[in-house]
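Every heavy atom of this structure was used, including side-chain atoms; hydrogens, water molecules and symmetry mates were not. Per chain, numbering begins at 1; letters A, B, ... match sequence-line order.
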Protein chains: 2
Amino acid sequence: MRSDPKEGDVGEASPTRRGPYAKTAERRQQIVDEAYRLFATRGYHGSSLREIAAAAGMSLGSLQYHFGSKDDLLVAVLARRDELSSGAAVPPGAGSFADHIVAQAERNEDIPGLIALYSVLSAEAVTADHPGRDYFLGRYDLLRADYAAELTVLRDAGRLREGVDPAIAAATIVALWEGIQLQWLYTPESIDAAKTLRSYLDLVLT
Amino acid sequence: MRSDPKEGDVGEASPTRRGPYAKTAERRQQIVDEAYRLFATRGYHGSSLREIAAAAGMSLGSLQYHFGSKDDLLVAVLARRDELSSGAAVPPGAGSFADHIVAQAERNEDIPGLIALYSVLSAEAVTADHPGRDYFLGRYDLLRADYAAELTVLRDAGRLREGVDPAIAAATIVALWEGIQLQWLYTPESIDAAKTLRSYLDLVLT
DNA sequence: GTCTATACGATGATAGAC
DNA sequence: GTCTATCATCGTATAGAC
């Protein structure tokens, strides 16, 4: 995956770099915010760079100076997503594993646009040459590893149901979470994502 | 959702319509077959109408005579998908519910391109104006209703674990199935979709 | 270093000739 | 029905103003 047309990558203010003022970081932030909003609304392919540039109050060329390609902009938006909804990883040993997951799922209901963006991109990025592929590959691995580690701890404490494989249960949680959120996006009135997740966790934990 | 540039919609031979010979149905079938193959290979946005037309041995204009828009072609491909892998619905009372689902999941591993297409489209189509939205809305409702009905029968036979809600379990199966297939598309070597599904069903059924 | 202006090839869509 | 223009818009690339 190509990246890094400029320095910092994510978009933090880089006070140590190059001269008295660095408007670049702020401009990049503006662009990412608008791209984030438009991607969440219309999807990745449904949003044009000209649209995003206009929303951020600049020309197309200026946007492309900060982000060399639409792909670069996408990975910046994904990084921004992690920034905003951090706490997805499980702090080991802190509080109830199930409560933590359900609470996060409930919080997700406040940001349907973001969930939709994530769902769209995670499926779009399956194709071999997609710029977001590496991001989702790493993210799934990380989530499964986190959950499997937590479930292994619970198993050793005798709180995992007999015969349940922590690795399979971890993949199940990730899969169920994404799948039920997708159904919720279609029919929010008839799907309760948090309740469905809780129902599975109650089945597996004791 | 716009649709129906011509008559039948799906692509069946329409012998009663308009004149002695109806090449239209066959032409439409050729187009849908090639579009199906290319969508499954390169994705929806990755395939151009010119490509599809060339693969079907005709010009762009000719293809667009049969399908007024790329959206129309998409819904035809989705309908074709249901045609080919019918049996997704559960024949009531026939054989084991769990075996049926697991067997279907195993068969899906032979058509990864199609699974990828389905995953991409199901997420893309969440946006309000997407041409495939109604298709997936109806499909999720149908699947959940089928599974819930089957699970209710099993519950009345005392074969559903105590405390499990058939409706929630039905939504869980659909969600888990789609979610685990997506993970499998990313890392087929470390994910066993059929086994993961079986693991959940074993947990719920007795 | 930041930005505007302009152009390129490819896309989905449309109109009209045969 | 099938075809060949033709169109606006897409992502991208480059030249040059300040």
Side-chain angles (χ1 to χ4, degrees), chain A residues 2-8 11 13-31 34-35 38-39 42-77 124 129-132, chain B residues 2-3 5-8 11 14 17-31 34-35 38-39 42-77 124 129-132:
Chain A
R2 46 225 178 280
S3 68
D4 190 67
K6 299 257 82 62
E7 74 281 3
S14 56
T16 65
R17 298 275 293 183
R18 199 194 48 250
Y21 55 95
K23 282 186 57 177
T24 297
E26 298 168 22
R27 290 301 252 171
R28 279 174 65 94
Q29 188 66 44
Q30 292 173 13
I31 295 168
E34 293 301 331
L38 282 169
F39 284 175
R42 299 215 243 282
Y44 178 64
H45 284 111
S47 315
S48 76
L49 292 180
R50 286 168 177 83
E51 249 181 331
I52 297 167
M58 70 187 65
S59 72
L60 170 64
S62 187
L63 186 154
Q64 293 197 280
Y65 166 75
H66 293 285
F67 295 92
S69 71
K70 195 178 183 182
D71 296 351
D72 287 329
L73 181 53
L74 171 62
V75 309
V77 167
E124 273 186 349
D129 58 340
H130 195 283
Chain B
R2 46 225 180 278
S3 70
K6 299 254 83 63
E7 74 280 5
S14 56
R17 298 276 293 184
R18 198 192 52 251
Y21 54 93
K23 283 185 57 177
T24 297
E26 299 168 22
R27 289 299 251 169
R28 281 174 62 96
Q29 188 65 44
Q30 292 173 13
I31 296 168
E34 293 301 332
L38 283 169
F39 284 175
R42 299 216 243 282
Y44 177 64
H45 284 109
S47 316
S48 75
L49 291 180
R50 284 169 178 83
E51 252 181 329
I52 298 167
M58 70 188 66
S59 73
L60 170 64
S62 189
L63 185 154
Q64 295 196 284
Y65 166 77
H66 293 285
F67 295 93
S69 71
K70 196 178 183 183
D71 296 350
D72 287 330
L73 181 53
L74 171 61
V75 309
V77 167
E124 273 186 349
D129 59 339
H130 195 282

Euclidean distance, B:Y44 OH relative to B:L74 CG, rounded to 0.5 Å: 5.0 Å
Exercise: identify the closest heavy-atom pair between B:F67 and B:I31: CE1-CG2, 3.7 Å
Reported CD-to-CG distance for the pair B:E51 and B:L63, which is rounded to 0.5 angstrom: 12.0 Å
Minimum-distance nucleotide (side-chain atoms of A:Y65 versus C:dT4, C:dG1, D:dG1): C:dG1
Candidates A:R28, A:R27, A:E26 - the one meeting side-chain hydrogen bond (donor to acceptor under 3.5 Å, both in side chains) with A:Q30: A:R27
B:S62 side-chain proximity, nearest of C:dT2, D:dT2, C:dT4: D:dT2
Between D:dC3 (C1') and B:R27 (CZ): distance, integer Å: 12 Å
B:R28 CZ - D:dT2 P separation (whole Å): 12 Å
Distance-minimising heavy-atom pair for B:V75 and B:D72: CG2-O, 3.2 Å
Letter per nucleotide, 5' to 3', of nucleotides 12-18 of chain C [B base touched, S only sugar-phosphate touched, - untouched; heavy atoms, 4.0 Å]: BBB----
Euclidean distance, atom CG of residue B:L63 to atom C1' of D:dG1 [Å, nearest integer]: 13 Å
Value in whole Å for how far the P atom of D:dG1 lies from CD1 of B:I31: 12 Å
Gap between atoms CD1 and C1', on B:I52 and C:dT11 respectively (whole Å): 12 Å
Closest non-hydrogen atom pair between A:I52 and A:S47, with its separation: CD1-CB, 4.5 Å
Side-chain N,O (B:T24) to OP1/OP2 (D:dG1) below 4.0 Å: yes
Distance, rounded to the nearest Å, where A:E51 contributes CD and D:dA8 contributes C1': 15 Å
